[in-house]
Amino acid sequence: MTTVPDVSAASITPVVVRLKLSLLRNGLRQSGGRRAAYIASVVVALLVAALQLLGLIALRGNAHAAAVSLPLVAVLALGWAVMPLFFPSGDETLDPTRLVMLPLRPQPLVRALLVASLVGVGPLFTLCLLTGSVISVAHGATAWVTAVVGVVLALLVCVAFARAVAAANIRLLSSRKGRDLAVLSGLVVAVGAQLVNFGAQRLGSSGGLSALDPAADVLRWVPPASAIGAVDSASEGSYGSAVVQLALCGAALAGLLALWSRHLTRLMTSPDGSTLQAAEPAARERGSSGLGRLLPAGRTGTVMERSLRYVWRDPKTKAAWVTSLAIGLIVPVFNALQGTGSAYFACFAAGMLGIQMYNQFGQDTSAFWIVAMTISSTRDAYVELRGRALALLLITLPYATLVSVLTTALLGAWRQLPEVLGLSFALLGAMLATGAWSSARFPYSIPQEGYKNVAPGQAGLAWIAIFGGMVSAALLSAPVIALTIWLNVSADGDRWSWLLLPLGALYGALITLLGLRLAAPRTARRLPEILAAVSKG
């Protein structure tokens, strides 16, 4: 009887590290563009890390240095936790199910993967920020010794946190629905950027860094920020507190490693039931026609339903919509909350969603040939474009109205609400018109795999289609913009400003119909070229 040898951590760790390096090297060999993108990302990440390091070093001696360093480390750890959810394909070794057929035990595998996780730009970036954080608060020999231990513990906690989260959700992340979580990355980036901007402005108006002291007092006991808190405590002579804070960080590391090992054991010994009985719900979903009953009959309703299903099911289309919806709401509302905005910022919502009309056929990718087979005349092309525009309006009109009402309510500028709505509807109509024409004139392919939104060699088409169309939409909206300006500077303008709402809505409807009419014959004539362009990726 043969037994499987117990593979020790000492023998498996170098193998896993070499595997990580080989995956990275082979990935860069695929194309010159990928190498250039990777090198550029590395340069940018290291530049940002260097600037952060210098800024933290500059805080050395400041009474509120810990108030900056502790929240920074806490946010850094949070980033490590959520990044595997948004970018599951960023690291091939994040998926331990690839190793289930190998005779590996969870404990040696955990240690080997932990060491391999320290290879990469992310750990180097984190190490720079942790180093800067301890330099800003360390004073005295004891504090420097504590800093060495604290940096190692904090780095290992960040890495183990990411691995534990990835292992706990790997069944979800490796499925198609799980990969849809990546669409939230745009939302998180948009919300995070505005929150940082909002927090910075509030920080500047509330007396400086001292406003962060209450948060820092709490975070100094929360791992991995407690490792930096231990350095600060050692600098102040509170050695007992420093020991407790380091112990908290060590306990967090041990807990995360145990959780990671537990999930690895479950993954490597239990069957994958994520797809069991998937056909039955799918059949029920196909049989439901609730959405179809609410839409117009004929080809118009069919096109609308198809477009709306793309928004809900297709990851790339969903990502674009989620990002546009988030940014269209965040920009006007956050500016209104800060007291620096204008009611006219609400037009941003209509503009962000109007962009979705551009490259309508590229969203279909190679499946557009099915649609092309049903277009045999200008009338067919017109109905196709009209259905897609109506599907977009079904979401955009109530959304733009909601954002306009919310923005004017926050600013107390109810008198401007008709003007804002009129401008939003006119801008939306202009973007639908130019988007329909641009979709036929400058179609481009959207790759289904990866995070690129334009196929190689078609970036110029995308720039022309989107930015050229946006400039054209702004020019088409000029009459309504000019009327709004004239009424605002006129002595009797307040009496007639309410007319901008019906006039803007009527102008937007007319310009949309005109754009669809002009785009339809071009679409019918260029079907072979459109099909070739959108199928390129």
Open item on the list: Run the ring-ring contact (aromatic ring centres under 6.0 Å, His included) test against F161 and tell me which residues pass, sequence neighbours left out.
Closed with: none
Task: Residues forming a ring-ring contact (aromatic ring centres under 6.0 Å, His included) with Y399, sequence neighbours excluded - done: none
List the residues meeting side-chain hydrogen bond (donor to acceptor under 3.5 Å, both in side chains) with [X], not counting sequence neighbours, and say none if there are none.
X	answer
T378	none
S424	none
S342	none

Open item on the list: As a quick check of understanding, evaluate side-chain contact (heavy atoms from CB on, under 4.5 Å) for M373 and F368, giving each step before the final call.
Closed with: CA-CA 9 Å; M373 293 293 291; F368 178 68; over 6 Å; no
Open item on the list: Quick check: closest heavy atoms across V73 and S133, and the distance to 0.1 Å?
Closed with: CG2-OG, 3.7 Å
- [ ] Mind listing the closest non-hydrogen atom pair of Q356 and M352 along with its distance?
- [x] NE2-O, 3.9 Å
Open item on the list: Checking R306 now: which residues fulfil salt bridge (Lys or Arg N to Asp or Glu O under 4.0 Å) with it, not counting sequence neighbours?
Closed with: E384
Open item on the list: Using a 3.5 Å distance criterion without hydrogens, assess whether the side chain of T407 forms a donor-acceptor pair with backbone atoms of S404.
Closed with: no
- [ ] Would you check if the side chain of T317 reaches a backbone N or O of V311 as a donor-acceptor pair within less than 3.5 Å?
- [x] no
Open item on the list: Can you see whether T374 engages R299 through a side-chain donor-acceptor pair at a distance of less than 3.5 angstrom?
Closed with: yes
TODO: Would you tell me whether T484 and Y344 have side-chain atoms, one donor and one acceptor, within less than 3.5 Å of each other?
DONE: no
Open item on the list: How about CH2 on W414, more than 12 heavy atoms from neighbouring residues, nucleotides or ligands closer than 6.0 Å, or not?
Closed with: yes
TODO: Kindly assign one of parallel, tilted or perpendicular to the pair F442 and W437, based on the angle between their ring planes and the thresholds 30° and 60°.
DONE: perpendicular
